[in-house]
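Written below as structure tokens is the structure these notes are about.
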Protein chains: 2
Amino acid sequence: MSSNPSAIRRPDPDRKQRIINAALDVIVEHGVQGTTHRRVAKAAGVPLGSMTYHFNGMDDLLHLAFTQVAHASSAAFVGRLAEAGNREEAIQALVDIIAGNIWSTPRTLLLSYELYAFAARKPALAAIMRDWMQASREALGCFFDPLTCRALDALVEGMGIHGSVDPAKLDRGQIEDIIRRLCTPHG
Amino acid sequence: MSSNPSAIRRPDPDRKQRIINAALDVIVEHGVQGTTHRRVAKAAGVPLGSMTYHFNGMDDLLHLAFTQVAHASSAAFVGRLAEAGNREEAIQALVDIIAGNIWSTPRTLLLSYELYAFAARKPALAAIMRDWMQASREALGCFFDPLTCRALDALVEGMGIHGSVDPAKLDRGQIEDIIRRLCTPHG
DNA sequence: TCATCTTGTGTACGAACGTACACATCGCGC
DNA sequence: GCGCGATGTGTACGTTCGTACACAAGATGA
């Protein structure tokens with residue numbers, strides 16, 4: 001049956017982006033391991049043929065999807081920090097970020113893990129991660145010296161991860177305490 | 001040809017462990033995504049049938065392999081820290097750990113990423129990660145107060161990750177500087 | 001109106017996968 | 001010696017995968 005009446009072609013300019021979003025949903029649910037053309041196609045509500053039409057294989061799709069994750073994460077971090085006008089407000093912004101409402105949602109964290117593992121084998125994505133880190137570092141650089149920026153950046157990363165595993169959450173006061181220690185010049 | 005002369009059964013008590021080791025090699029090279037029974041069997045030099053004989057499906061094998069990763073990482077961390085007899089030596093141990101010779105080798109880090117992603121979907125492995133974190137926390141607890149332990153633990157995690165991505169490595173003096181800030185009571 | 005280009009889709013094919021299972025071989029009690 | 005569980009292996013089957021490709025349908029310009 002090659003003349004299927006349901007196969008009406010409809011213009012759909014956002015199709016490619018919708019597929020990428022669907023791919024991220026599939027990654028969250030099944031892992032990179034379980035992300036197949038067929039599953040993504042079903043999740044996006046597009047025919048299987050659309051996959052090879054819009055993307056140059058699964059790696060291409062994953063690359064685009066993870067790039068988007070990196071940019072979104074970076075934008076969320078930098079955006080929140082940009083609201084700060086001085087060191088004190090920057091510290092509050094960092095508390096917000098670590099406490100979990102801005103950046104370290106379960107979905108974002110999970111996608112980050114998948115991204116790290118994926119990027120470890122794809123130099124192109126490693127480069128994107130470097131850009132992401134550099135953007136974070138520069139945003140912090142408005143308020144802190146370079147070494148402190150690195151420490152804060154690493155702390156955000158580590159506390160985000162551990163916070164998602166550890167059942168005993170830290171409260172804002174404790175997080176602030178720790179951040180202030182890092183910001184205080186040695187001594 | 002059902003009477004294959006090469007199919008001599010030889011006793012091999014370490015076979016199961018060898019398969020697990022091979023599985024980790026395959027994970028490092030191909031990712032969890034590319035870890036299949038056939039590939040692991042070839043890497044371990046065992047017939048395909050051995051996979052289903054020793055393990056209850058791929059998930060079982062991955063579970064055992066990642067459990068081993070977690071225990072090895074934990075042991076390396078705790079072991080190095082146990083050599084310290086006081087706070088000063090503990091700080092030096094942390095510098096060692098972060099600087100990369102003890103814990104954050106590329107292989108270990110990569111396996112950690114895969115583990116995090118895997119554990120996010122398997123509650124049993126999440127429990128193992130909690131144990132791992134708790135063991136680290138307890139080892140640190142001999143020298144520092146609980147909040148400082150959490151901060152140090154998170155810092156080790158974050159700096160290990162960022163250090164593997166960032167081309168500009170920190171030297172031991174800078175790492176020590178940062179650690180000392182965290183250890184210094186607020187003020 | 002019609003030739004033609006762009007956009008999109010359904011289907012088929014070969015490869016690789018997990019798993020089941022019949023069978024071979026060994027160690028051991030008798 | 002000799003059955004007989006326990007241990008280990010080769011192969012075959014059904015499923016799912018990525019990709020190729022012939023073809024349908026709207027758009028466009030003459």
Side-chain angles (χ1 to χ4, degrees), chain A residues 1-66 114 118 121-122, chain B residues 1-66 114 118 121-122:
Chain A
M1 188 181 299
S2 54
S3 62
N4 187 331
S6 79
I8 311 167
R9 184 173 80 84
R10 46 202 184 293
D12 188 359
D14 302 336
R15 161 109 63 189
K16 189 166 181 177
Q17 182 56 50
R18 255 206 355 271
I19 293 175
I20 292 176
N21 294 341
L24 290 176
D25 291 342
V26 173
I27 290 172
V28 167
E29 188 175 3
H30 299 279
V32 170
Q33 128 170 241
T35 300
T36 67
H37 283 168
R38 286 172 163 84
R39 265 207 262 254
V40 174
K42 181 176 288 187
V46 303
L48 177 60
S50 274
M51 293 292 123
T52 55
Y53 181 72
H54 286 290
F55 304 96
N56 212 17
M58 199 63 205
D59 263 24
D60 183 30
L61 172 53
L62 289 175
H63 183 94
L64 290 170
F66 278 129
E114 301 279 1
F118 192 76
R121 289 185 205 82
K122 316 275 173 170
Chain B
M1 189 182 297
S2 54
S3 60
N4 188 332
S6 79
I8 311 169
R9 183 173 81 83
R10 44 203 186 291
D12 188 358
D14 302 336
R15 160 107 71 192
K16 189 165 180 176
Q17 182 57 50
R18 257 207 352 274
I19 293 175
I20 292 176
N21 294 342
L24 290 177
D25 290 342
V26 174
I27 291 172
V28 168
E29 188 175 2
H30 298 281
V32 170
Q33 125 170 249
T35 301
T36 67
H37 282 171
R38 284 171 163 85
R39 265 208 260 254
V40 175
K42 180 176 290 189
V46 302
L48 177 60
S50 274
M51 293 293 122
T52 54
Y53 181 72
H54 286 289
F55 304 97
N56 212 17
M58 199 63 205
D59 263 23
D60 184 29
L61 172 53
L62 289 175
H63 183 95
L64 290 169
F66 278 129
E114 301 280 0
F118 193 75
R121 288 185 206 82
K122 316 274 172 169

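Throughout, a chain's letter reflects where its sequence line sits, starting with A, and its residues are numbered from 1.
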Report all side-chain donor-acceptor pairs from residues 35-48 of chain B shorter than 3.5 Å, counting only partners two or more places apart or in another chain.
from, atom 1, to, atom 2, distance (Å)
B:Thr35, OG1, B:Gly31, O, 2.8
B:Thr36, OG1, B:Arg39, N, 3.2
B:His37, NE2, B:Met58, N, 3.4
B:Arg39, NE, B:Gly34, O, 2.9
B:Arg39, NH2, B:Gly34, O, 3.3

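Put simply, CG on A:Leu64 and CD1 on A:Ile19 are 11.0 Å apart, with the number rounded to the nearest 0.5 Å. Residue B:His54 holds its NE2 atom at 11.5 Å from CD of B:Gln17, rounded to the nearest 0.5 Å. Rounding to the nearest 0.5 angstrom, the gap separating the CG atom in B:Leu61 from the CD1 atom in B:Ile27 is 7.0 Å. The NE2 atom of A:His30 sits 10.0 Å away from the CG atom of A:Asp25 when rounded to the nearest 0.5 Å.
Put simply, CZ on A:Phe55 is 13 Å from P on D:dT19, counting in whole angstrom units. At whole-Å resolution of the value, CE in A:Met51 and C1' in C:dG10 are 14 Å apart. The NZ atom of A:Lys16 sits 16 Å away from the C1' atom of C:dT6 (whole-angstrom rounding). Put simply, CG on A:Asn56 is 14 Å from P on D:dG18, counting in whole angstrom units. Residue A:Asp14 contributes atom CG, which lies 12 Å from atom P of C:dG8 at whole-angstrom precision. Counting to the nearest Å, the P atom of C:dG18 and the CG atom of B:Asp60 are 14 Å from each other. Counting to the nearest Å, the C1' atom of D:dG18 and the CG atom of A:Asp59 are 12 Å from each other. Note: OH (A:Tyr53) to P (C:dT7) measures 5 Å, nearest angstrom.
Taking a pair as Watson-Crick or G-U with both hydrogen-bonding distances under 3.5 Å, the stems of three or more pairs touching DNA chain C are C:1-30 with D:1-30.
Both tests hold for B:Lys16 against B:Phe55: distance to the six-membered ring centre under 6.0 Å, angle to the ring axis within 45°.
Residues A:Val32 and A:Phe66 form a side-chain contact, since some pair of their non-hydrogen atoms from C-beta on lies under 4.5 Å apart.
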Please list, for nucleotides 12-17 of chain D, all pairs of protein and nucleotide N/O atoms separated by less than 3.5 Å.
none

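Under the salt bridge (charged side-chain N to carboxylate O under 4.0 Å, His left out) criterion, no residue pair touches residues 48-58 of chain B, with sequence neighbours excluded. Counting only residues at least two apart or in different chains, side chain to side chain donor-acceptor pair (under 3.5 Å) contacts with residues 56-65 of chain B comprise B:Asp59-B:Lys122.
Phosphate proximity of C:dT19 to B:Thr52: absent, as no side-chain N or O sits under 4.0 Å from OP1 or OP2.
Proximity note for A:Pro47 (side chain, C-beta onward) versus C:dG10, D:dT9, C:dT19: the nearest is C:dG10.
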